[in-house]
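Read the numbers this way: they start at 1 and go in the same order the structure lists the ligands and their atoms.
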Amino acid sequence: MEHIKLSIDKTLTFVDREEIFQYKEESKKHLTALHAGTGKGNEYTGWVNLPSQITAAELKDIQDTANNLKERIEVLVVIGIGGSYLGAKAVNDALANNFDMLQADNENPLVLYAGQNISEDYLYELMEILENIEFGICVISKSGTTTEPALAFRLLKELLEEGVGKEEAKERIIAVTDESKGALRTLADQEGYKTFVIPDNVGGRFSVLTPVGLLPIAVAGHDITKLVEGAKAMQEFTVATEFEENPALLYAATRNVLYSKGKEIEILANYNPKLHNIAEWWKQLYGESEGKENKGIFPASVDLTSDLHSMGQYIQEGQRNIFETVLSIAKTKYKVVIPKDKDNLDKLNFLAGKRVDEVNKMAELGTQLAHVDGGVPNIRIELPELNEFYIGELLYFFEIACGVSGYILDVNPFDQPGVEAYKSNMFALLEKPGFEEETKKIKERL
Ligand SMILES: O=P(O)(O)OC[C@H]1O[C@](O)(CO)[C@@H](O)[C@@H]1O
């Protein structure tokens, strides 16, 4: 079976293979600890075996719920923030037609997102559109108490109930949350919504292969069974494969060696706009997992070749504290051949007869060589093609590599204590009951 491929060859003018290979035993130990649940933050390692544990009955329940929604609605609004929406958006955008919104014959509901910001204009414009559309809501929050999604849900629930009545709204609202805790669980039980559970031992950023990601992906019409199969294939591959050929262990080790040499920023680059939100998901995964105790690689991303005309200058000649990881798709879905032009005013006839993808691939190779020459080590990840199976492999690959990498860095990759600071300031400023002391203190600083 073909898998996604990792190449570290273009880091080897910056680091020795031996420096990477010295992590062989350590990274294997960390992989074992993740599977055995014996490492730091082990109460949140339930995602490690998710792909092999998810049952056909669970997938069917998700698919049936998606099918039921599809019969009632034209738009599904996924309400969630961070890990409660980024995975679904990443997969949906990777697999959808680039111009999905304009496709009149789309038989699947359009998936939109809310609760991932607190912009009044965003919510106003969304509600304005939804007023004339048959819509449903999938509200997702593991804690069930996060302000952004709770606020959006309060508004959209009211809009939906006003539009179709409380009974029909109940059929169109699905809640994904904790089994027993949190305000969303209480509300969902009280209102009688269909619910799915985010397991206690799976943190938000590792939850894409639970109903958090799978339900919105199924509603958008993508094959969740194939997605899980891909993740399972990568789970098995990473367990069975020796370090030298193991993409996850090699990626974790290589990025840590680069980091130890001052390469503090990793840029995830793609050459296909459909992968833009894979990078957004990846940024939360690595940023929240590793950025703590004053340590961690800063995860950034670019869309190429677009950003070669904006960020390209910096990557080529700016501070030499970056390395790049390139996501490449071997085979396109469609074929577009460049035509010959009799006047050739644009001087592009030398490309006539070639596929657009050949140009894209040469841009990719040329950029990689230029960046390496400019002092930017390059890692390359190749997907044979963009489909559910290989996206599933990619998601699991990044997750398991993240766990190993976090352990090499010697942090707990599964907590995110730093996220609370802004929340407590915001509540103090908004004078939330219970924050009286904080309110007094923060007001003195203004
Ligand atoms: O699903 P929840 O509990 O609403 O959390 C959403 C996001 O907020 C965070 O907890 C950070 O505040 C992320 O880790 C998480 O993905």
Glu288, Lys142, Gln116: member with heavy atom nearest to atom 9 (C) of ligand 1: Glu288
For Tyr251, which of Trp282, Phe397, Phe243 qualifies under ring pair (Phe, Tyr, Trp, His ring centres under 6.0 Å)? Phe397
Heavy-atom pairs closer than 4.0 Å: do any link ligand 1 to the side chain of Glu420, the backbone, both, or neither? neither
Should the pair Lys89-Glu280 be classified as a salt bridge under the 4.0 Å nitrogen-to-oxygen rule? no
Between Lys292 and Asn412, is there a donor-acceptor pair closer than 3.5 Å when you use the side chain of the first and the backbone of the second? yes
Could you tell me which atoms of ligand 1, counted from 1 in the order shown, lie closer than 4.0 angstrom to a heavy atom of Gln284? 13 (C), 14 (O), 15 (C), 16 (O)
So the atoms of ligand 1 within less than 4.0 Å of a heavy atom of Lys423 turn out to be 12 (O)
Heavy atom under 4.0 Å from ligand 1: found in Gln416's side chain, backbone, both, or neither? side chain
Identify, for atom 11 (C) of ligand 1, the protein heavy atom at the shortest distance, and state residue, atom and that distance. Val419 CG1, 3.3 Å
Relative to each other, are the rings of Trp47 and Phe414 parallel, tilted or perpendicular (30° and 60° limits)? tilted
Suppose I only count heavy atoms of Thr146 and a 4.0 Å limit; which atoms of ligand 1 are within that range? 2 (P), 3 (O), 4 (O), 5 (O)
Is the shortest N/O to N/O distance between Gly83 and ligand 1 below 3.5 Å? yes
Could you find the nearest protein heavy atom to atom 7 (C) of ligand 1 and give me its residue, atom name and distance? Ile81 O, 3.5 Å
I'd like to know if the side chain of Asp223 reaches the main chain of Lys226, judged simply by a donor and an acceptor atom lying under 3.5 Å from each other, with no hydrogens or angles considered. yes
Mind checking whether Asn201 and Thr45 have side chains closer than 4.5 Å, heavy atoms only? no
Name of the residue among Ile73, Ile137, Val77 meeting side-chain contact (heavy atoms from CB on, under 4.5 Å) with Leu160: Ile137
Interfacing atoms of ligand 1 (cut-off 4.0 Å, heavy-atom, Ser143): 2 (P), 3 (O), 4 (O)
Residue-ligand contact Glu148/ligand 1, heavy atom below 4.0 Å: no
Quick note on ligand 1: atoms under 4.0 Å from a heavy atom of Gly82 include exactly 16 (O)
Could you tell me whether some N/O pair between Arg205 and ligand 1 is separated by less than 3.5 angstrom? no
Cation over ring face, Lys423 and Phe427, 6.0 Å, 45°: no
With heavy-atom distances below 4.5 Å as the criterion, would you say the side chains of Met101 and Leu112 are in contact? yes
